[in-house]
Amino acid sequence: MTARSYRIGQIVPSSNTTMETEIPAMLRTREGILPERFTFHSSRMRMKKVVKEELEAMDRDSDRCATELSDARVDVLGYACLVAIMSMGKGYHRESEARLHARTVENNAAAPVVTSAGALVDGLKRMGAKKISVICPYMKPLTQLVVDYIEHEGITVHDFTALEIPDNLEVGRHDPERLLEIYKRVDRTGVDAFVASACVQMPSLPIIQRLEDAIGIPVVSAAVCTTHQMLDRLELERRVPDAGALLSGRY
């Protein structure tokens, strides 16, 4: 029997270089143990500097991207910028997901929409995490917005670090191996889970499982959570090897 193929659509900031590598990498690894197959399709929104003004302008462009991707009859759509959603106001991921889904319906190509912001919150809740610590690449004011957004969703942020990298291309060039040292600066006392990258542009996939093994609690990233929620919306087993507890198949 031929394995079913699913089309994964991604709405991506124009300067993002990571989401189109990490999500395909996870799903390609999954193809090695499960029968489904995936193809990947993107539409881009202009954004170079991770500042509130550019994020707001970029978000307005997401409707066009959703319509374009629905032309390809994708099976699920992922909005690949966590901080753009979170900077628009608490709970905004619900509004964004509903609006972008409506664009696909209008185009006679209805598809579920997930946002990396909503997926991060959902993934943490699926694991029962009530208290977390976080690494963010953003400047401190945007990092505080992220912290406030997560806490508004009922999850306590015990501690965080802001790497203060304003240029989005530089965020994408950040060596994930450095996270294995950076995490030691973040207080993890009593936390239920650790977010190694609260940003889909800051690479972290190569260290997720190693960091989880080292600290003994679930470790996630925005990209890991987005993959989990995409599989959930496709009603597929949410399992990817070596991508941490959330994608172990237990959730």
Steps toward side-chain contact (heavy atoms from CB on, under 4.5 Å) verdict (R210, E177): CA-CA 10 Å; R210 287 153 58 196; E177 296 292 326; 2.8 Å; yes
side-chain hydrogen bond (donor to acceptor under 3.5 Å, both in side chains) assessment of D71 paired with N107: CA-CA 7 Å; D71 284 345; N107 201 26; 2.7 Å; yes
Any side-chain donor near an acceptor of the partner, H228 and T226, under 3.5 Å: no
Close side-chain approach of M58 to C81, heavy-atom, < 4.5 Å: yes
Considering all heavy atoms, the nearest N16-A80 contact: ND2-O, 4.0 Å
Residue pair I33 / P241: nearest heavy atoms and the distance that separates them: CD1-CG, 3.6 Å
Where E22 and A223 come nearest, the two heavy atoms and their spacing: OE1-CB, 3.5 Å
Non-hydrogen atoms of D192 and K130 that approach each other most closely: OD2-N, 2.9 Å
Minimal non-hydrogen separation, V200 against A222, with atom names: CG1-CB, 3.6 Å
Check ion pair E153-K125 (N to O, under 4.0 angstrom): yes
From M202 atom CE to H174 atom NE2, the distance as rounded to the nearest 0.5 Å: 6.0 Å
I165 with L169, same ILVMFWY side-chain cluster at under 4.5 Å: no
Separation between CG of L247 and CG of L231, rounded to the nearest 0.5 Å: 7.0 Å
Any L179 side-chain heavy atom under 4.5 Å of L211 side chain: no
Test: D232 and R238 ion pair at under 4.0 Å: yes
Value rounded to 0.5 Å, distance of OG1 in T104 from CZ in R99: 12.5 Å
Residues R44 and E68 bridged, charged N to O under 4.0 Å: no
Sequence neighbours excluded, every pair satisfying ring pair (Phe, Tyr, Trp, His ring centres under 6.0 Å) that has a member inside residues 64-115: H93-Y149
Under 3.5 Å side-chain donor-acceptor pair for D148 and Q144: yes
Verdict with supporting geometry, R30 and E237, salt bridge (charged side-chain N to carboxylate O under 4.0 Å, His left out): CA-CA 10 Å; R30 186 185 185 280; E237 185 177 356; 5.4 Å; no
Check: E97/T115 side-chain N/O donor and acceptor closer than 3.5 Å: yes
SB check E181 K184 (cutoff 4.0 Å): yes
Closest heavy-atom pair and its distance - G123, L246: O-CD1, 3.7 Å
